[in-house]
Visitor: 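Can you keep this structure in mind? I'll have questions shortly.
As the structure is a computational prediction, the values presented were derived from the model and not from experiment.
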Amino acid sequence: MKSKLLLILLSATLAGTATAQVKPEDAIKWRQSGYGFMAWNMARIKMNVEGGNYNKDEVIKAANAIQAIANSGMGALYLPGTDKGKGWEETRVKPELFTNKEGVGKVAGAFVKEANEMAKVAATGDAAAAKEQFGKLGGTCKGCHDDFKAKR
């Protein structure tokens with residue numbers, strides 16, 4: 001038990017140290033990459049649920065990728081100093097993301113919940129249920145974009 005606790009504390013310390021050493025431009029690049037990958041997977045699901053040629057396996061793969069990103073801890077990439085700057089492109093995060101902890105927690109929690117549910121629904125192979133859940137998942141994305149992402 002003591003060794004397990006020590007391992008947990010050591011892991012937490014190393015994770016905190018690793019995050020502290022991340023350059024702001026790298027953190028911005030990594031989160032932009034994560035969101036780009038997620039957008040591609042959202043498009044894969046959309047093509048299947050709205051395109052008329054439902055492919056269960058494609059929807060499952062895309063839903064699992066989104067679920068993995070949702071549960072990856074990407075929030076750690078919103079470090080101090082990453083409210084402005086360039087990753088692959090200029091960041092479009094609004095300053096409110098860094099000050100409205102309650103609002104961010106609410107939209108992030110909703111996204112994780114719906115991403116997890118999307119993976120469960122996709123696994124059933126039910127196209128109608130996947131389409132309905134995709135709408136719920138997309139709504140969480142829109143909610144975050146509306147509140148915390150600047151328009152171009």
Visitor: Would you check, one step at a time, whether the test side-chain contact (heavy atoms from CB on, under 4.5 Å) holds for Met74 with Tyr35?
Guide: CA-CA 10 Å; Met74 271 185 52; Tyr35 290 123; 3.5 Å; yes
Visitor: Under 3.5 Å, is there a donor-acceptor pair linking the side chains of Asn116 and Gln67?
Guide: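 Yes, a side-chain donor-acceptor pair sits under 3.5 Å.
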Visitor: Looking at CD1 of Ile69 and CG of Asn41, how far apart are the two atoms once the value is rounded to the nearest 0.5 Å?
Guide: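 Ile69 atom CD1 to Asn41 atom CG measures 6.5 Å (nearest 0.5 Å).
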Visitor: Return the minimal non-hydrogen interatomic distance between Ala62 and Arg44, and the atom names on each side.
Guide: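 What the structure gives for the nearest pair is CB-CB, 4.0 Å.
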Visitor: State the CD-CD distance between Gln133 and Glu117, to the nearest 0.5 angstrom.
Guide: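 With rounding to 0.5 Å, CD (Gln133) is 5.0 Å from CD (Glu117).
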Visitor: Testing Thr82, Asp83, Leu79 one by one against Ile28 for a side-chain contact (heavy atoms from CB on, under 4.5 Å), which residue passes?
Guide: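 Going through the options one by one, the only one that passes is Thr82.
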Visitor: Would you say Met118 and Met42 are hydrophobically clustered, going by side-chain heavy atoms of ILVMFWY under 4.5 Å?
Guide: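 In one cluster with Met118: Met42, yes.
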Visitor: Mind checking whether Leu137 and Ile60 sit in one hydrophobic cluster, side chains of I, L, V, M, F, W, Y counted as touching below 4.5 Å?
Guide: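 No; Ile60 is not reachable from Leu137 via cluster members.
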Visitor: I'd like to check Lys131 versus Ile45 (side-chain heavy atoms, cut-off strictly below 4.5 Å). Are they in contact?
Guide: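 A side-chain contact is absent here, since even the closest heavy-atom pair is not under 4.5 Å.
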Visitor: Give me the atom names and distance for the closest heavy-atom approach of Lys46 to Phe134.
Guide: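 For Lys46 versus Phe134, the nearest heavy atoms are CB-CZ, 3.6 Å.
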Visitor: If you compare all heavy atoms of Phe148 against all heavy atoms of Gly103, which two are closest, and at what distance to 0.1 Å?
Guide: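 Of all heavy-atom pairs spanning Phe148 and Gly103, the closest is CZ-C, 3.9 Å.
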Visitor: Do the non-hydrogen side-chain atoms of Ile66 and Phe111 ever get within less than 4.5 Å of each other?
Guide: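 They are in side-chain contact.
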Visitor: Transitively linked via ILVMFWY side-chain contacts under 4.5 Å: Val121 with Val112?
Guide: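 Val121 does not cluster with Val112.
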Visitor: Between atom NZ of Lys29 and atom NZ of Lys23, what is the distance when rounded to the nearest 0.5 Å?
Guide: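 Those atoms lie 9.0 Å apart.
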Visitor: Calculate, to the nearest 0.5 Å, the distance between atoms NZ and CG belonging to Lys120 and Asn64 respectively.
Guide: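 With rounding to 0.5 Å, NZ (Lys120) is 12.5 Å from CG (Asn64).
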Visitor: Do Lys136 and Glu114 sit within salt-bridge range, that is, some charged N less than 4.0 Å from a carboxylate O?
Guide: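 No, no charged N to carboxylate O under 4.0 Å.
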Visitor: Could you check whether any side-chain N or O of Lys94 sits under 3.5 Å from a backbone N or O of Asp146, counting only pairs where one atom can act as donor and the other as acceptor?
Guide: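 Between the backbone of Asp146 and the side chain of Lys94 there is a qualifying donor-acceptor contact (under 3.5 Å).
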Visitor: Find out whether Glu132 and Val49 are in side-chain contact, i.e. whether some heavy atom of one side chain is under 4.5 Å from a heavy atom of the other.
Guide: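 A side-chain contact under 4.5 Å is absent here.
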Visitor: Ala122 and Ala63: which non-hydrogen atoms are nearest, and at how many Å?
Guide: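 Between these two residues, the closest heavy atoms are CB-CB, 3.8 Å.
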Visitor: Can any side-chain N or O of Gln32 pair as donor or acceptor with the backbone N or O of Trp88 at less than 3.5 Å?
Guide: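 Answer holds: yes.
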Visitor: Applying a strict under-4.5 Å side-chain criterion to I, L, V, M, F, W and Y, I'd like to know whether Phe37 and Val59 cluster together.
Guide: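 In one cluster: yes.
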Visitor: What residues form a ring-ring contact (aromatic ring centres under 6.0 Å, His included) with Phe98, not counting sequence neighbours?
Guide: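 Partners of Phe98 by the ring-ring contact (aromatic ring centres under 6.0 Å, His included) criterion come out as none, since no residue qualifies.
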Visitor: Any idea which heavy atoms bring Gly125 and Tyr54 closest together, and the distance?
Guide: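 Nearest pair, atom of Gly125 first, then Tyr54: O-CE2, 3.7 Å.
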Visitor: Under the side-chain contact (heavy atoms from CB on, under 4.5 Å) criterion, do Trp30 and Val22 qualify, and how do the steps go?
Guide: CA-CA 10 Å; Trp30 295 335; Val22 172; 3.6 Å; yes
Visitor: Check this for me: does any side-chain nitrogen of one of Lys61 and Asp57 sit under 4.0 Å from a carboxylate oxygen of the other?
Guide: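 The answer is no: the pair does not qualify as a salt bridge.
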Visitor: Measuring from Lys86:NZ to Glu90:CD, what's the distance to the nearest 0.5 Å?
Guide: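 It comes to 6.5 Å.
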Visitor: Report yes or no: do Met38 and Leu77 belong to one cluster of Ile/Leu/Val/Met/Phe/Trp/Tyr joined by side chain heavy-atom distances under 4.5 Å?
Guide: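 Yes, same cluster.
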